[in-house]
Number of protein chains: 2
Amino acid sequence: MRRLAEELDTGPASLYVYFRNAAELRSAVLDELLVEVDLDPVTGEGDWRDRLHAVVDSYLAVLMKYPSLARSVLLTRPSPSGPRFMDLVEALLVLLHQGGVDGQRAAWAVDLLLQVATATGVEQGTAAENPGDERGWDALADAVDRADAIRYPRVRALGAELLSGPGEERFRWGLSVLINGILISPAPAGDV
Amino acid sequence: MRRLAEELDTGPASLYVYFRNAAELRSAVLDELLVEVDLDPVTGEGDWRDRLHAVVDSYLAVLMKYPSLARSVLLTRPSPSGPRFMDLVEALLVLLHQGGVDGQRAAWAVDLLLQVATATGVEQGTAAENPGDERGWDALADAVDRADAIRYPRVRALGAELLSGPGEERFRWGLSVLINGILISPAPAGDV
DNA sequence: ACCTGAACACCGTTCAAGT
DNA sequence: ACCTGAACACCGTTCAAGT
C-alpha cells in the first residue's frame, strides 16, 4: 500500500478510491500477472496429460516469479475471480474434459490442481525470498538425523530419502499423482 | 508478539530471550498444539486407507481450530520440525508402509498429504475468520454466473457444479485422489 | 547474566480537510 | 465530486539501560 502509493507520488489513502482494501488490490494485480500463464497447450497436440502438466507448470512458474502474490491467492478473501483466472480454470476444465473426466470430478479436480500448485508456489517462493535462511531445511534435516530409532523407526529407515530430490521433480511427481488419482477416483455416490 | 507479551505482563522484547523471532515462536506453539492430533488409528484395525484418512482428517481438524497457526506452517521458515510434527510424519510413513508404498514414494507422499491438508486448513481457516465476508464465494459465483458462453464454454457447462459440495466432502475426495494416485504412480526412474 | 522500557521502522485503514 | 495529508491503531525487532 504505502510503497505503491509512494511509487505513484501520493499518499496511501488515494488507493482506497480504487480498491476497497489491500486484499482486493493484490487480487487485481495477481489477475493481471496471470496473463503470463501459457495456455497454448490447451489447443496443442499430444497427450492431454502432458498438456495439463504444461499448463499447471506454467501457472506455478508465474507464482514463483511473484511469491508475495502467491501468498495472497491462498490466504486472502475474496478468492481470485478475474478474467485471467477464469481463463485458467476454463483451460483446465477443457483438458480434463478431453481426458474424459466427468463434470463433478473435473470441478473438484481443478480446485485440487490449483491448490497444490499454489501451495507449492507459496512454499518455494517463501524459501527463495530468504536466501540465506536454509535453516528451515537444516532444522528438519537435523531432526531427521537425530530422530530416535525407537520412536521414529520409519523416519530413520528412510533418512535422507525424506529430504531428497529437487523441488521441481517432486512437484512433477505430485501432479502425476493427482492426475492418476483423479482418473480412478469416483465422485461420491450421493452427488451424481 | 505484543499480545502475548501483554498476556505475560511484560514487554515484547522479553520474548526474544526465548525465541529468535516470531516465526520460531509460532513454530513452537504449533508443535505444542499438534498433541491434539489423534494418532491412534496407526495401531488400530481396519483398512490402512481408512486409518490414513482418519489421521490426516485429525491433523486438518487441529489446523482449523487455529487458523493463524495453519498459515505459519505454509509460509514461515523454518518449516516445522518439532517432536509432535515428527510423530505425525512417522505415523503417515507407518501407514504408507503398511499399504506397501516404497520408501521414496512414501517420503514424497507425506509431503503431498501434509501440503494438501495444510493448504485446506489455511483456506477454510481464513474463510472462517472473516465470517461476514462471503464475498469471496460471491465474487467467484458471480464470475461463473456472468461467464461468457463463448470464452468459457466448460465453465458455463458446469455452472453450479463448480462451487458445489461442502468443503469436508471435497477434502475427503481429495484425499482419496491422493491415496489412489500414490499407489499407482511410480517413482521417477532415475532415483530408485 | 538476565531481562525489559522505550524507541525504531514499518504496516493497513480512516476521516476531516482540501481542490 | 474526487482526491489526499495527517493521524490512528497496530505490527516485529533492536538496543541501551536497568536489576
Side-chain angles (χ1 to χ4, degrees), chain A residues 1-33 63 66-82 118 121-123 125-139, chain B residues 1-33 63 66-82 118 121-123 125-139:
Chain A
M1 285 289 122
R2 298 178 101 95
R3 261 197 309 271
L4 176 62
E6 199 178 3
E7 208 83 22
L8 281 91
D9 281 319
T10 181
S14 306
L15 301 173
Y16 288 81
V17 177
Y18 306 99
F19 299 95
R20 219 191 309 258
N21 52 40
E24 240 170 53
L25 188 153
R26 267 191 294 261
S27 243
V29 172
L30 174 79
D31 200 73
E32 219 56 52
L33 258 18
L63 290 187
Y66 314 99
S68 71
L69 289 169
R71 242 162 285 162
S72 80
V73 181
L74 212 54
L75 48 80
T76 70
R77 312 278 101 187
S79 55
S81 59
T118 306
V122 170
E123 282 179 356
T126 307
E129 261 182 346
N130 335 12
D133 192 19
E134 289 175 33
R135 270 180 294 114
W137 271 89
D138 287 0
Chain B
M1 284 286 123
R2 298 178 101 94
R3 261 197 308 271
L4 176 61
E6 198 178 4
E7 208 84 21
L8 280 92
D9 281 319
T10 180
S14 306
L15 301 174
Y16 288 81
V17 178
Y18 306 99
F19 299 95
R20 220 193 308 260
N21 52 42
E24 240 170 52
L25 188 152
R26 268 191 293 262
S27 242
V29 172
L30 173 78
D31 200 73
E32 220 56 51
L33 258 18
L63 289 187
Y66 313 98
S68 71
L69 289 169
R71 239 161 288 161
S72 80
V73 182
L74 214 54
L75 48 79
T76 70
R77 313 278 99 191
S79 56
S81 60
T118 307
V122 170
E123 282 178 357
T126 306
E129 261 181 346
N130 333 13
D133 192 18
E134 289 176 34
R135 271 180 294 114
W137 271 88
D138 287 2

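Convention: sequence-line order gives letters A, B, ...; per-chain numbering from 1. When reading the values below, keep in mind they use all heavy atoms of this one structure, side chains included, and skip hydrogens, waters and symmetry mates.
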With a 4.0 Å cut-off on heavy atoms, is A/Tyr18 in touch with a base, just the backbone sugar-phosphate, or nothing at all?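 Sugar-phosphate, no base atom in range.
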Those residues that, when tested against B/Ser14, pass side-chain hydrogen bond (donor to acceptor under 3.5 Å, both in side chains) (two or more places apart):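 Result, side-chain hydrogen bond (donor to acceptor under 3.5 Å, both in side chains) vs B/Ser14: B/Thr10.
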Which residues pass the side-chain hydrogen bond (donor to acceptor under 3.5 Å, both in side chains) test with A/Ser72, sequence neighbours left out?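 Residues passing side-chain hydrogen bond (donor to acceptor under 3.5 Å, both in side chains) with A/Ser72: none at all.
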Pairwise [atom1] distance for [N] and [M], with rounding to whole Å:
N: D/dA16; M: C/dC2; atom1: C1'; value: 15 Å
N: D/dC11; M: C/dA7; atom1: C1'; value: 14 Å
N: C/dC3; M: D/dC15; atom1: C1'; value: 13 Å

Nearest heavy-atom neighbours spanning [X] and [Y]:
X: B/Leu69; Y: B/Leu33; answer: CD1-CD2, 3.0 Å
X: B/Ala70; Y: B/Gly121; answer: CB-C, 4.3 Å
X: B/Leu63; Y: B/Thr118; answer: CD1-CA, 3.6 Å

In Å, rounded to the nearest 0.5 Å, how long is the span from CD of B/Glu24 to OH of B/Tyr16?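 That separation rounds to 11.0 Å.
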Under the salt bridge (Lys or Arg N to Asp or Glu O under 4.0 Å) test, residues paired with B/Arg26 that sit two or more places apart: none
I'd like to check the salt bridge (Lys or Arg N to Asp or Glu O under 4.0 Å) partners of A/Glu6; sequence neighbours left out, ordered by chain and number.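 Applying salt bridge (Lys or Arg N to Asp or Glu O under 4.0 Å) to A/Glu6 gives none.
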Would you grab the first and last nucleotide of DNA chain D (5' to 3') that comes under 4.0 Å of any non-hydrogen atom in chain A?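 The protein-touched segment is D/dC3 to D/dA7.
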Among residues 5-17 of chain A, which ones have heavy-atom contacts with DNA chain C below 4.0 Å? A/Pro12, A/Ala13, A/Tyr16
The dot-bracket string of DNA chain C, counting Watson-Crick and G-U wobble pairs with both distances under 3.5 Å, using [ ] for crossing pairs and | for pairs to another strand, is ||.|||||...|||||.||
Residues forming a side chain to side chain contact (heavy atoms under 4.5 Å, CB included) with B/Leu4, sequence neighbours excluded: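 In terms of side chain to side chain contact (heavy atoms under 4.5 Å, CB included), with neighbours along the sequence ignored, B/Leu4 is linked to B/Leu8, B/Leu15, B/Leu25.
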